[in-house]
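As a basis for the values below, the full set of heavy atoms in this structure was taken, side chains included, without hydrogen atoms, waters or symmetry mates.
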Amino acid sequence: ARAAGIDKIFVFRFNSGPTAFFASYDITEKDLSPKPVAIAQAQAARRLYDSVFTRKLAIGGATWAYLFEAQGKPLVIYWNYENEANEGATISVGAKADSLAAEDLMGNSIPMDSRGGEGLVLPLNGAPVYLTSDKLSGDEILQLFEKAYAPGEVVFREGDPGKGLFVVLEGGVAITRATPDGEKLL
């Protein structure tokens with residue numbers, strides 16, 4: 001196998017029968033249809049085939065993004081490892097809908113939701129999302145997840161609709177509230 005250029009071989013239990021102790025580790029159901037994990041593993045293998053890991057970005061909390069170069073194109077994989085049950089969670093990035101392509105864990109295309117032209121809203125849960133681009137470099141894709149604010153710049157105002165979760169990675173914030181006497185520092 002090594003002579004043919006194969007570096008690693010993984011062995012999966014195809015189907016050990018319905019009563020076997022290790023049946024939960026099989027990649028097929030009793031009727032020999034693939035378990036979802038087999039499809040997810042195939043998607044990861046397809047996306048990461050011949051790729052090179054470049055760097056990791058801690059987006060905040062339990063959310064991570066990993067940058068790979070695959071066949072000369074950037075591939076960013078991101079997810080929140082604590083957000084398994086929250087199917088409605090999202091993350092906003094400052095990009096145009098035609099600049100990125102996204103696929104879910106099973107290889108399905110994720111529609112680009114631009115919610116009023118302020119950037120893209122992407123799903124954020126325990127399942128990895130695969131982002132690619134023909135227009136942006138890998139570093140440019142990762143920068144979409146970061147937003148820097150200038151000193152004194154307003155991030156949002158009381159009463160604004162929620163856009164997402166803000167995580168302060170560097171520096172600090174002042175929170176104020178509008179009162180009849182002006183802004184009050186909380």
Side-chain angles (χ1 to χ4, degrees), residues 7-8 10 12 24-29 33-149 155-156 161-171:
D7 294 325
K8 296 178 185 172
F10 294 92
F12 296 97
S24 63
Y25 295 106
D26 294 341
I27 63 170
T28 62
E29 302 287 358
S33 63
K35 286 185 176 178
V37 70
I39 298 166
Q41 288 171 340
Q43 165 71 342
R46 180 180 70 85
R47 287 316 223 146
L48 293 173
Y49 177 76
D50 203 24
S51 68
V52 176
F53 172 75
T54 305
R55 70 184 179 105
K56 174 172 81 171
L57 173 68
I59 296 173
T63 303
W64 293 87
Y66 293 83
L67 172 60
F68 296 85
E69 289 294 324
Q71 290 112 28
K73 292 186 180 183
L75 169 64
V76 172
I77 304 171
Y78 76 89
W79 71 95
N80 181 301
Y81 63 85
E82 290 181 347
N83 215 8
E84 303 245 352
N86 192 351
E87 293 299 318
T90 60
I91 188 167
S92 298
V93 297
K96 294 182 180 179
D98 66 348
S99 63
L100 291 173
E103 288 183 359
D104 67 13
L105 176 67
M106 302 304 238
N108 300 311
S109 180
I110 297 173
M112 296 287 111
D113 179 359
S114 61
R115 291 195 190 163
E118 295 182 21
L120 296 175
V121 179
L122 299 166
L124 178 63
N125 54 46
V129 172
Y130 300 87
L131 292 176
T132 59
S133 179
D134 290 329
K135 298 180 179 183
L136 302 174
S137 71
D139 286 330
E140 288 172 326
I141 295 173
L142 286 182
Q143 287 172 1
L144 296 174
F145 289 96
E146 297 178 321
K147 169 75 171 118
Y149 291 90
V155 177
F156 60 88
K163 293 183 181 178
L165 171 70
F166 292 87
V167 178
V168 179
L169 298 175
E170 234 177 80

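One distance of note links CD of Glu140 with OG of Ser133; it measures 8.0 Å at 0.5 Å rounding. To the nearest 0.5 Å, atom CD1 of residue Ile141 and atom CG of residue Leu57 are 12.0 Å apart. Interatomic distance, Tyr78 OH to Tyr66 OH, rounded to the nearest 0.5 Å: 15.0 Å. Note: Asp139 CG to Arg55 CZ = 4.5 Å, rounded to the nearest 0.5 Å.
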List the steps and the verdict of side-chain contact (heavy atoms from CB on, under 4.5 Å) for Leu48 and Phe53.
-> CA-CA 9 Å; Leu48 293 173; Phe53 172 75; over 6 Å; no
Which is it for Val76 and Leu100 under the side-chain contact (heavy atoms from CB on, under 4.5 Å) test, yes or no, and what are the steps along the way?
-> CA-CA 10 Å; Val76 172; Leu100 291 173; over 6 Å; no
Stepwise, does the side-chain contact (heavy atoms from CB on, under 4.5 Å) test hold for Val129 with Leu122?
-> CA-CA 9 Å; Val129 172; Leu122 299 166; 5.7 Å; no
Check the pair Arg47 / Ile77 against side-chain contact (heavy atoms from CB on, under 4.5 Å), numbers first and verdict last.
-> CA-CA 10 Å; Arg47 287 316 223 146; Ile77 304 171; 5.7 Å; no
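Considering all non-hydrogen atoms of both residues, Leu67 and Pro74 come closest at CD1-CB, 4.3 Å. Considering every non-hydrogen atom in both Gln71 and Tyr49, the closest pair reads NE2-O, 3.3 Å. Closest approach of Ala65 and Leu142 over heavy atoms only: CB-CD2, 3.8 Å. When all heavy atoms are compared, the tightest approach of Leu105 to Tyr130 is CA-CE1, 4.2 Å. In terms of heavy-atom proximity, Phe68 sits nearest to Ser51 at CD2-OG, 3.8 Å.
Taking the side chain as every heavy atom from C-beta outward, Pro123 and Asp104 never approach each other to under 4.5 Å.
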